[in-house]
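Chain identifiers are assigned alphabetically (A, B, ...) following the order of the sequence lines, protein sequences preceding nucleic acid strands; residue numbering begins at 1 within each chain. Just so it is clear, the values below take in all heavy atoms, side chains as well, and ignore hydrogens, waters and symmetry mates.
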Number of protein chains: 2
Amino acid sequence: MSGVVTVFRALDDETRRVILDELAARDGQTLFEICSTLTTRHGLSSTRQAISQHLGVLEAAGLVVTEKRGRSKFHYFNPAPLAEIARRWPVGERTAE
Amino acid sequence: MSGVVTVFRALDDETRRVILDELAARDGQTLFEICSTLTTRHGLSSTRQAISQHLGVLEAAGLVVTEKRGRSKFHYFNPAPLAEIARRWPVGERTAE
DNA sequence: ACTATAGGCAAGTCCCCACTTGCCTATCAA
DNA sequence: TTGATAGGCAAGTGGGGACTTGCCTATAGT
């Protein structure tokens, strides 16, 4: 993962967005769990390595935090960086009309 | 501008984010105005064509709406698509207590 | 009409990103 | 210790995106 990974770049990929959806729905999944749920429940067919790299990007962006226990690594969704977007461009209640 | 431009892809570029900042600060600028303010106030040195393409991406993503009068084209920041992000991953939910 | 202004169009280049492929490390069970 | 499970590392490939370059269109002023 060369260089800084921004939240924006991390979100600019449908697979990563689905991963976030999946973690938001069921937090604390391992890599293999994510792989299987992505194929069965989301119709995506990506290899383990691809998903692993996606998780690396998400983690580098701070959108996913991990916890390693034994030979397993659990992934948790961290929505905090998303607040940065709302902070930069306050959407407010007054959208364009 | 091939295919669909998502909000995420539009935001995945620092120049485009600065353009949004600039429009949020001073709405309704033309292409040449944006070019000059970007160089003078933001230290960016991009050609007119580059900025034009960026504005095209932002417009395709719905983040910028335009209005053409005479030979000028005015650009307006539209934060509405940003609400989609907050809608997909509600940030404040789990910390709201 | 002529010229300058404001912007668009399209081909080409370069680089980054997603994904694959192959192999390696570490942990647990038998 | 052996084998299976869970995951990591790194080189290579293909395609898309940012940017340039050059030329074209349209409006406004004189």
Which nucleotide in the set [options] lies at the smallest distance from any side-chain heavy atom of [X]?
X        : options                  : answer
Ser52(A) : dC19(C), dG8(D), dG22(D) : dG8(D)
Gln49(B) : dT21(C), dG8(C), dC19(D) : dG8(C)
Arg48(A) : dT20(C), dG7(C), dG8(D)  : dG8(D)
Asp13(A) : dA18(C), dA18(D), dA6(C) : dA18(C)

Practice task
Answer yes or no: is there a donor N or O on one side and an acceptor on the other, between the side chain of Glu33(B) and the main chain of Thr30(B), under 3.5 Å?
Solution key: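 Flag set: sc Glu33(B) to bb Thr30(B) pair under 3.5 Å.
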Whole Å only: how far is the [atom1] atom of [X] from the [atom2] atom of [N]?
X        : N       : atom1 : atom2 : value
Leu11(A) : dA18(C) : CG    : P     : 12 Å
His54(A) : dG7(D)  : NE2   : C1'   : 17 Å
Gln29(B) : dG7(C)  : CD    : P     : 11 Å
Gln53(B) : dA11(C) : CD    : C1'   : 11 Å
Ile51(A) : dG7(D)  : CD1   : C1'   : 14 Å

Exercise for the section: Report which part of the nucleic acid Arg69(A) touches: base, sugar-phosphate, or nothing (heavy-atom distance under 4.0 Å, all strands). Expected result: nothing
Practice task
Indicate, with a heavy-atom threshold strictly under 4.0 Å, whether Ser46(B) touches base, sugar-phosphate, or nothing.
Solution key: nothing
Handout entry: Among Leu58(A), Val65(A), Asp27(A), Leu55(A), the one residue meeting side chain to side chain contact (heavy atoms under 4.5 Å, CB included) with His75(A)
Key = Leu55(A)
Handout entry: Below 4.0 Å: OP1/OP2 of dT20(C) and any side-chain N or O of Thr47(A)
Key = yes
Practice task
Using only heavy-atom distances, decide whether a donor-acceptor pair under 3.5 angstrom links the side-chain of Arg71(B) to the base of dG29(D).
Solution key: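 Donor-acceptor pair under 3.5 Å: no.
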Handout entry: base_contact_polar (dG17(D) base, Arg9(B) side chain, donor-acceptor, <3.5 Å)
Key =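 For Arg9(B), whose side chain was compared with the base of dG17(D), there is no donor-acceptor pair (under 3.5 Å).
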Practice task
Consider only side-chain heavy atoms of I, L, V, M, F, W and Y, link residues closer than 4.5 Å, and tell whether Leu63(A) and Phe74(A) are in one cluster.
Solution key: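 Different clusters.
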